[in-house]
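Take a look at the structure set out below.
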Amino acid sequence: MHQIAPAIYKRKNLPLLLSIGLLIFWGALLLGLRFYWMGNKPPSFSNSDNPAADSDNFLTRNEEMLYKSGIKVNPAKAWGNLGNVLKSQSKISEAESAYRNALYYRSNMADMLYNLGLLLQENNRFSEALHYYKLAIGSRPTLASAYLNTGIILMNQGKAEEAKKTFLKCSEIPDENLKDPHAHKSSVTSCLYNLGKLYHEQGQYEDALLVYKEAIQKMPRQFAPQSLYNMIGEAYMRLSRFSEAEYWYVESLHSKTDHIPAHLTYGKLLALTGRKREAEKYFLKAIQLDPMKGNCYMHYGQFLLEESRLMEAAEMAKKAAELDNTEFDVVFNAAHMLRQASLNEAAEKYYKMAAELRPNYPAALMNLGAILHLNGKLLEAESNYLHALRFKPDDVITQSNLRKLWNIMEKQSLRTTKT
């Protein structure tokens, strides 16, 4: 009985086994023929045949084609998405046209108004950018990023009070029912950070600290806090609360170990509190982190100057001005340091550069006049003093210098504008 049952089982499954056998046979035959026709080996792929070899370009091209094909179906959304793709490819004018086309079909899209404003801001078209940010806020009053960028433009235009109001309004936006709560909280934190900076620049350090601490309470987990912590340290430093300043500088460096501004500010604090060797290490570390940043050499040069290491300070000043030759503060401070090192010819060169960078700034013109005066170039000195007085007629130092200059010129029988 035990022998009959397997035999019956085999007979019942015979058709199934034959079918499986035939499939295996035909599969093997087809695979064999394919290898024969292809030279008995599987095909090789070159990078040009393989879409993954250039996947970013491939995906971007596909996205572009996809959004173009969707224009007839949903023109506003398709044009907007196409604008984002074109912007990512640095096709700025085409991206701008795409955003404008999207807004033609639906003019109240807050995200699209914001994207167009951002593109214009990134290309230094600030008045136009402000217009679109205003429209974006009108369309969605909770769009914190639009407030943030509006405030930054106003701040850079010197409109401090308008910027303050914008940042403050941003910080008061309720955080319920938001499209992207994390992005919103990051923008609000940045608004508070910039509001604090405005107070700081106006010497209102206690007010700045209150705002910075509100920013800490509101910042989301993903927010990078190193700049905020560093500015808190700066405010305490200005209030001569050095232990609290040190705490926040250290916190800044803990959150980002290669944060250059915190290296420089902490270095200044260490120097001020007598820890000169430690201070120098932080200045040198900042230079090591970014050898092409002139500001790092400037801070180190100032430290060397205070240590009466005049020639080393002068070298740092020159290096700083060479690297950041379009930054007024760096060039102007380099000229000061060179003058303090009695390198008056070199100082003259950098005072001239500073005056060219800010031709209507009375302090730059007065200092250029003073170094020309010292270097015996009296007519040029007179011209710069007079130019400075056009912008600041009541400046006592410039008036005094000019009188001294005229006395020298009269003794040398030189014609002055006074006569």
Side-chain angles (χ1 to χ4, degrees), residues 114 117-118 121-122 126 129-130 133 136-137 141-175 178 180-239 241 244-266 268-269 286 289-290 293 295 299 329:
Y114 172 81
L118 183 61
Q121 182 183 359
E122 289 169 348
F126 301 117
L130 283 174
Y133 287 144
I137 290 166
T142 59
L143 187 56
S145 53
Y147 288 95
L148 171 62
N149 287 354
T150 297
I152 288 168
I153 293 173
L154 292 169
M155 190 166 65
N156 291 337
Q157 289 178 338
K159 298 174 182 175
E161 292 310 310
E162 286 182 65
K164 271 187 192 177
K165 287 175 187 174
T166 305
F167 291 138
L168 193 58
K169 197 165 184 181
C170 174
S171 71
E172 292 168 349
I173 299 170
D175 54 4
L178 295 165
D180 187 344
H182 293 296
H184 171 81
K185 286 179 181 177
S186 289
S187 293
V188 168
T189 306
S190 294
C191 278
L192 287 165
Y193 168 78
N194 283 290
L195 178 59
K197 274 182 75 177
L198 282 170
Y199 283 126
H200 187 104
E201 286 165 10
Q202 294 173 342
Q204 298 169 259
Y205 305 119
E206 296 283 3
D207 291 331
L209 283 169
L210 287 173
V211 174
Y212 291 146
K213 286 176 181 179
E214 186 183 347
I216 289 173
Q217 289 169 359
K218 290 189 174 181
M219 72 179 181
R221 190 173 294 174
Q222 78 273 12
F223 188 85
Q226 64 273 4
S227 296
L228 176 58
Y229 292 165
N230 185 53
M231 287 305 297
I232 294 173
E234 284 252 51
Y236 279 123
M237 178 106 160
R238 296 297 178 95
L239 293 167
R241 292 162 64 175
E244 289 154 297
E246 182 165 7
Y247 171 83
W248 287 104
Y249 289 147
V250 171
E251 283 296 301
S252 177
L253 289 168
H254 279 164
S255 64
K256 191 172 190 291
T257 55
D258 60 350
H259 188 53
I260 291 172
H263 280 82
L264 298 174
T265 49
Y266 191 30
K268 283 162 69 177
L269 175 65
L289 287 167
D290 191 350
K293 195 175 181 70
N295 194 40
H299 278 82
D329 289 337

Residue pairs fulfilling salt bridge (charged side-chain N to carboxylate O under 4.0 Å, His left out) with at least one residue in residues 246-264, sequence neighbours excluded: Glu246-Arg275, Lys256-Asp258
What residue pairs, at least two apart or across chains, pass salt bridge (charged side-chain N to carboxylate O under 4.0 Å, His left out) with a residue in residues 185-209?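 Of all non-adjacent pairs touching residues 185-209, those that pass salt bridge (charged side-chain N to carboxylate O under 4.0 Å, His left out) are Glu206-Arg241.
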Taking only residues two or more places apart in sequence or in another chain, which ones pass salt bridge (charged side-chain N to carboxylate O under 4.0 Å, His left out) with [X]?
{"X": "Glu162", "result": "none"}
{"X": "Lys213", "result": "none"}
{"X": "Lys218", "result": "Glu214"}
{"X": "Lys164", "result": "Glu161"}

Begin with the C-alpha distance, continue with both residues' side-chain angles, and end with the deciding distance and a verdict on side-chain contact (heavy atoms from CB on, under 4.5 Å) for Phe223 and Ser190. CA-CA 9 Å; Phe223 188 85; Ser190 294; 3.5 Å; yes
Heavy atoms, side chains only, cut-off 4.5 Å: are [X] and [Y] in contact?
{"X": "Glu244", "Y": "Met237", "result": "no"}
{"X": "Ser171", "Y": "Tyr147", "result": "no"}
{"X": "Tyr249", "Y": "Glu234", "result": "yes"}
{"X": "Leu130", "Y": "Asn149", "result": "no"}

Residue set satisfying side-chain contact (heavy atoms from CB on, under 4.5 Å) with Ala163, at least two apart, ordered chain then number -> Leu154, Met155, Phe167, Leu198
For Phe126, enumerate each residue passing the side-chain contact (heavy atoms from CB on, under 4.5 Å) test, keeping only those at least two apart in sequence or located in another chain. Gln121, Asn124, Ile153, Gln157
How long is the gap from [atom1] on [X] to [atom2] on [Y], to the nearest 0.5 Å?
{"X": "Leu195", "Y": "Leu210", "atom1": "CG", "atom2": "CG", "value": "10.5 Å"}
{"X": "Leu192", "Y": "Cys170", "atom1": "CG", "atom2": "SG", "value": "7.5 Å"}
{"X": "Ile152", "Y": "Leu148", "atom1": "CD1", "atom2": "CG", "value": "4.0 Å"}
{"X": "Tyr193", "Y": "Cys191", "atom1": "OH", "atom2": "SG", "value": "13.0 Å"}
{"X": "Leu239", "Y": "Leu209", "atom1": "CG", "atom2": "CG", "value": "6.0 Å"}
{"X": "Gln222", "Y": "His182", "atom1": "CD", "atom2": "NE2", "value": "6.0 Å"}

Looking at Trp248, is its backbone amide N or carbonyl O close enough to the side chain of Ser252 to form a donor-acceptor pair, meaning the two atoms are under 3.5 Å apart?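 No, the answer is negative, given that no donor and acceptor are paired below the 3.5 Å cut-off.
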Quick one: does any side-chain atom of His259 pair with a main-chain N or O of Ser255 as donor and acceptor, under 3.5 Å?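 No.
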Could you work out, with side-chain hydrogen bond (donor to acceptor under 3.5 Å, both in side chains) as the rule, every residue matching [X], not counting sequence neighbours?
{"X": "Asp290", "value": "none"}
{"X": "Tyr199", "value": "none"}
{"X": "Lys169", "value": "none"}

Where is the tightest heavy-atom contact between [X] and [Y], given as atom of each residue plus distance?
{"X": "Thr166", "Y": "Gly151", "answer": "CG2-N, 3.8 Å"}
{"X": "His200", "Y": "Tyr212", "answer": "CB-OH, 3.9 Å"}
{"X": "Gln202", "Y": "Ala160", "answer": "NE2-CB, 3.8 Å"}
{"X": "Ala146", "Y": "Ile137", "answer": "CB-CG1, 3.6 Å"}
{"X": "Thr189", "Y": "Ala215", "answer": "CG2-O, 3.7 Å"}

Using distance only, find each side-chain donor-acceptor pair of residues 225-233 under 3.5 Å and give its atom names and separation, not counting sequence neighbours.
unit_1 : atom_1 : unit_2 : atom_2 : d
Asn230 : OD1    : Thr265 : OG1    : 2.6

Test Ile260 against Leu264 for side-chain contact (heavy atoms from CB on, under 4.5 Å), laying out the working first. CA-CA 6 Å; Ile260 291 172; Leu264 298 174; 4.1 Å; yes
